[in-house]
Structure formats: structure tokens, C-alpha cells
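Every chain is numbered from 1 and lettered A, B, ... according to where its sequence line falls, protein lines coming before strand lines.
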Protein chains: 2
Amino acid sequence: MLDNKWAPPRVLVAVDLVILTLREAKLHVLLTERGIDPFRGTYALPGGFLNNDKEDLLAAAHRELQEETALDPENLHLEQLGAYGAPERDPRGRVISIAYLAISPELPEPSAGGDVTDAAWRLVDDVTSGRLTLAFDHHHILEEGIERARSKLERTTLATAFCGETFTIADLQRVYEAVWGVRLDPRNFYRKAQHAPGFIVPVEAGRRSTRGRPAKLFRAGPSKVLQPPITRPHATWGNR
Amino acid sequence: MLDNKWAPPRVLVAVDLVILTLREAKLHVLLTERGIDPFRGTYALPGGFLNNDKEDLLAAAHRELQEETALDPENLHLEQLGAYGAPERDPRGRVISIAYLAISPELPEPSAGGDVTDAAWRLVDDVTSGRLTLAFDHHHILEEGIERARSKLERTTLATAFCGETFTIADLQRVYEAVWGVRLDPRNFYRKAQHAPGFIVPVEAGRRSTRGRPAKLFRAGPSKVLQPPITRPHATWGNR
DNA sequence: ACAAAAGTGTTTCAGGTACACCCATGG
DNA sequence: CCATGGGTGTACCTGAAACACTTTTGT
């Protein structure tokens, strides 16, 4: 097995990003249209190869994120999703991709650059329903990113990463509703959000005026974990 | 950035395994003593480089697992933990390691082979407490593996993967107690385990006789998820 | 007979769900 | 003054925790 001529193979390493945001109360993902083969003209997750063999994986993810969206590193949740290394996932040869999940507040339209002819926020539903096809195994990576976001919403304070600096409790509720694809009772949600220790802290004298009674403003709290978690409704589907 | 001479770097890809089991009601991890530099003589997680550039990551994990432990692929839970790619994690150069988490029922002592001078089950506590030092960033990988196991116990039926074909509810309880490091009330645990739909199914006419009343035997149920989950005790630490 | 482990019944209490209701503002 | 969304009170019920108690075996 280990004869003295044998040497382990060297492979290309890429970083791909599942960047999720909320636009008009719907979950969107940032996609790029490929300007080069393979898969020229089809949409793909933003990403690319490591720059050099000293670049850290997370640093590469940050670099790709900046290149595509130019957003400030604050308010930005980034975590590793996993490694995707099926032998035939890239027709050019063996490429192992490390995927990262990024959650961001609503952003302006991105602009294309590099080998990319278009960069745009697309409805996640358009991809999961099959109306939009992605290059490589990116459909699979996106599905796992969404599932990760769904489950982290329940146990952590991830939801605030979808919101801007300040937000109302109704804003927060829209995050849960969009990511989980359910309707929640606003009155019960209100209390759950407030009672979860460290989740959100009120912004003094802050109110947002729309139609109806102005809402208090909050910002993200210090905690990373939800102790009495915001739970997905299970048995009784009586929420609205 | 992308001049026409530039080519992405090729790096070595390794697979490392966090193999957890229960021995004498304590959580153990399989470690190997390295027979070659770097880190000759220190303990490390089992693992190795990809065999060739067509080998799938999960297949490589399975291969390494067989090489070290010779256990049958049945009753074996294997899942990807993540990619570890810090630039200086391996003194030989850039190596990216894909870690897998394996959960197995109690096994006989493994035997060393390959570049390894010893292979043995070691107490997880010996590593986390610092009494035993691991090569590379394997301490970090192990910590994440344990944390993954802990949280999956709560939401999924992973616990049965620690048990053999059939087991008693008390066996199952020992799994939770060892992995979480807590004591649970056997009477409440009994009902929770039984009431969780799809978790465990009784084996007809099966009983295990020790001292005291013989216990009913069960086997793993069809479900992968725990709907009324077995929860870690939180506020009140009144379990025993 | 007794110890020990398996398994059941029951009480208490916290928190989820549902929903009636009041509050504050814009039009 | 009324429509609209913000925010509060509360009844009901499920499930977690605690623990007394019965059952079934080995010694």
C-alpha cells in the first residue's frame, strides 16, 4: 500500500459561498453567471480557488465575499458549511470545494466582476423548485446551506444577522417566517423574542413609524445561543 | 489579480477520523501513535492522505477506518465534521484535512499498522483535560467532534449508534450520561426514550438478565430525528 | 428474604399555543 | 374616527422534573 515511490495526490482547492439575505420578506441567495467554461452562461455560487498555498480557508472566503459584494466585515456571519469533494464534481479535474455560509442584512444589487458576467440576488425558491439550475454540485451545497440556516435559527441568535444595526421585533419575525417558510403568531413571537435572555436589547428612544402604532427598536444582544429557543411549530399548526 | 500566468495552488488532502465509542460507561476515542515524523511518538487521530485523485472523501474515510479498526460497515455512523486548513497546521507544507466523525458500538482493542506504532482507545477526558497531547490541530478537531456528538444526541437518534444490535434502555441512558457528562433520572429517561416515536422498537421475547429484574431489549427504530427530543437538563440540576 | 435493577403512577410546575383585548399612530 | 400594526393579559394544555411505589429477578 505504501511503497516507497508512492506520493499522495495534490488537488485544487476552491472556496464557495452560500450568501443568504432577505429581500421583500423572501429568502434570496447571491448567484453569479459564469463567463467561462465549464458551465459558461449558467448560474453558480460565488467562489474561486485559493490564491496561494499560504491563504487560510476562512480568509479566502472573506476575500471572495468582498470581491462579489463589497460589504463591511461587521454584521456579517460567516461559518464553514463543509467540504465537497466528489471526484467528478468538476469536469476540469479533481477539485475539492470548501463551502461557507454567509448571512447578511439586505444589500444593494451586486455588480459583476472577474470571470463573472452577472451577479444578482435570486429567490431561493427559484432554485429549490428547479426553475433555476446551478453549475457543479452547487444545488446540493445550497440545500445544505439553507438547512444549516434553518436549524441554526432555532438554537442560536443567527436571525439578527439577517437584520441591520437596529430592527423591530416584526422584522425579526419576518426572518423566521422567510427562512422556515411558516407563519408565526406575532403576539406570541413578541414575547418569546423578548424573554430569550441576551437575544435582543432595546434601543432607547428608538421607534420606527409606519402605519399603525410605532414599533420599538432593538439591536442584537450579547448572546450567541438561545436558551429558551424560538421553536419551530410542530404538533399543532394553529399559527394563523 | 488574475493575470494569464497565474495558476491556483495544488495542495495535499488528508482525511482524519474522530472515532468515538463507549467502554465501561466512559467515552473513548481511537488514537494512533505516530511512527514517523513529524510528531513521531505522539498520539494523533487516525487518518491519512487521499490514495489517488479519484478517491471520494467519504470512501477515503471508510478506507482509513477499516485499516485501523476492521469493523463492519453496518451499525456505523459516519459523517463529515468539517475541513481544517490553517496554513501552518502541518509542518510538511500545506495540507487540508477533511475530518469525519464515526460513532461505533464497543469494539475490541485495535492493532497498529502502517506508519503507526500503537493504536488504542483512550479516555476522551485524558485529552480534553490536557493529560494527553495530540499532534497537529487534532485536539481542536476532537473537541469539535465531541461537541457535534453532544448536540446530535439531543436532536437525533445518534445514541443508538453507540449501542450494539440490541440494547436495554439503561444502556441507552449510559450513552447520554457519558457523552453529556451528566446523571439522568432512569425513570424519566425510560419514558422519554419509549415515547419518542421511531426511536427504539422492542425486540420480542428479548430480555437481558443481570442482577435485579431483567430488562427488555430494544433495537434502533426507523427514525433519524427525535421529535420530542431527549433534552439535556438545564435550569434545575436535580437529576440525582 | 433481601438487594438490586426494571418499570409505573402521580404531582407539580414551566412554557407553548391560542386568542381576546387594549394602545398609538397615520390617513 | 377608523384602519392598522404594536403590544399585553390570560386560559388551557402538554411535557419536564421529582419522587413514591410496585415488579421481577439473582443470590
Q: Between Glu67(A) and Arg63(A) (salt bridge meaning N to carboxylate O under 4.0 Å), is one present in this structure?
A: yes
Q: Could you work out which one of dA16(D), dC23(C), dT8(D) sits closest to the side chain of Lys192(B)?
A: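 Of the options given, the side chain of Lys192(B) lies nearest dA16(D).
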Q: Within less than 4.0 Å of OP1 or OP2 of dG5(D), is there a side-chain N or O belonging to Arg211(A)?
A: yes
Q: Compare the minimum distances between each of dA20(C), dA5(C), dA24(C) and the side chain of Arg187(A), then state the nucleotide with the smallest one.
A: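 Nearest listed nucleotide: dA20(C).
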Q: Can you check the Asp171(A) CG to dG7(D) C1' distance for me, whole Å?
A: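 That distance rounds to 15 Å.
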Q: Between dG5(D), dT8(C), dA18(D), which nucleotide has the shortest distance from any of its atoms to the side chain of Asn188(B)?
A: dA18(D)
Q: Answer yes or no: side-chain N or O of Arg191(A) and base N or O of dG15(C) forming a donor-acceptor pair under 3.5 Å.
A: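 A donor-acceptor contact between them is absent.
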Q: How long is the line joining CZ of Arg183(B) and P of dA17(D), in whole Å?
A: 16 Å
Q: To the nearest Å, how far apart are Phe189(B) CZ and dA5(C) P?
A: 17 Å
Q: For the residue pair Leu22(B) and Glu106(B), what are the closest heavy atoms and their distance?
A: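 Closest heavy-atom pair between Leu22(B) and Glu106(B): O-OE1, 3.3 Å.
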Q: Grab the NE2-C1' distance between His195(A) and dT8(D) for me, whole Å please.
A: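 Going from NE2 in His195(A) over to C1' in dT8(D) covers 11 Å.
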Q: Rounded to whole Å, please give me the gap between CG in Leu226(A) and P in dG16(C).
A: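 In whole Å, dG16(C) P and Leu226(A) CG are 11 Å from each other.
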Q: Figure out the CD/P separation between Glu177(A) and dG5(D), and round it to whole Å.
A: 13 Å
Q: The side chain of Tyr190(B) lies closest to which of these nucleotides: dA18(D), dG6(D), dT8(C)?
A: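 Taking heavy atoms from C-beta onward, the closest nucleotide is dT8(C).
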Q: Judged by each residue's nearest nucleotide on DNA chain D, which is more toward the 5′ side, Gly212(A) or Gln194(A)?
A: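 Nearer the 5' end of the strand: Gly212(A).
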Q: Run the ring-centre check on Phe218(B) versus Phe167(B) and record whether the distance is less than 6.0 Å.
A: no
Q: For Leu184(B) and dA16(D), give me the distance from atom CG to atom C1', rounded to whole Å.
A: 12 Å
Q: Answer yes or no: is there an ion pair linking Arg122(A) with Glu33(A), defined by an N-O contact shorter than 4.0 Å?
A: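 Glu33(A) and Arg122(A): not salt-bridged.
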Q: Out of dC21(C), dG5(D), dG7(C), which has the shortest distance to the side chain of Arg213(B)?
A: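 It is dG7(C).
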Q: Just compare dC23(C), dA5(C), dG7(C) and give me whichever is closest to any side-chain atom of Lys216(B).
A: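 Ranking dC23(C), dA5(C), dG7(C) by closest atom to the Lys216(B) side chain puts dG7(C) first.
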Q: Starting from P on dC21(C), measure out to CG on Asp185(A) and report it in whole angstrom.
A: 16 Å
Q: Which is true for Thr168(B) with a 4.0 Å heavy-atom rule: it touches a base, it touches only sugar-phosphate, or it touches nothing?
A: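 No contact.
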Q: Of all heavy-atom pairs between Leu107(B) and Thr21(B), which one has the smallest distance, and what is that distance?
A: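 Answer, listing the atom of Leu107(B) first, then Thr21(B): N-OG1, 4.5 Å.
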Q: Picking from dG7(C), dG5(D), dC19(D), which would you name as closest to the side chain of Ala215(B)?
A: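 Closest nucleotide among those given: dG7(C).
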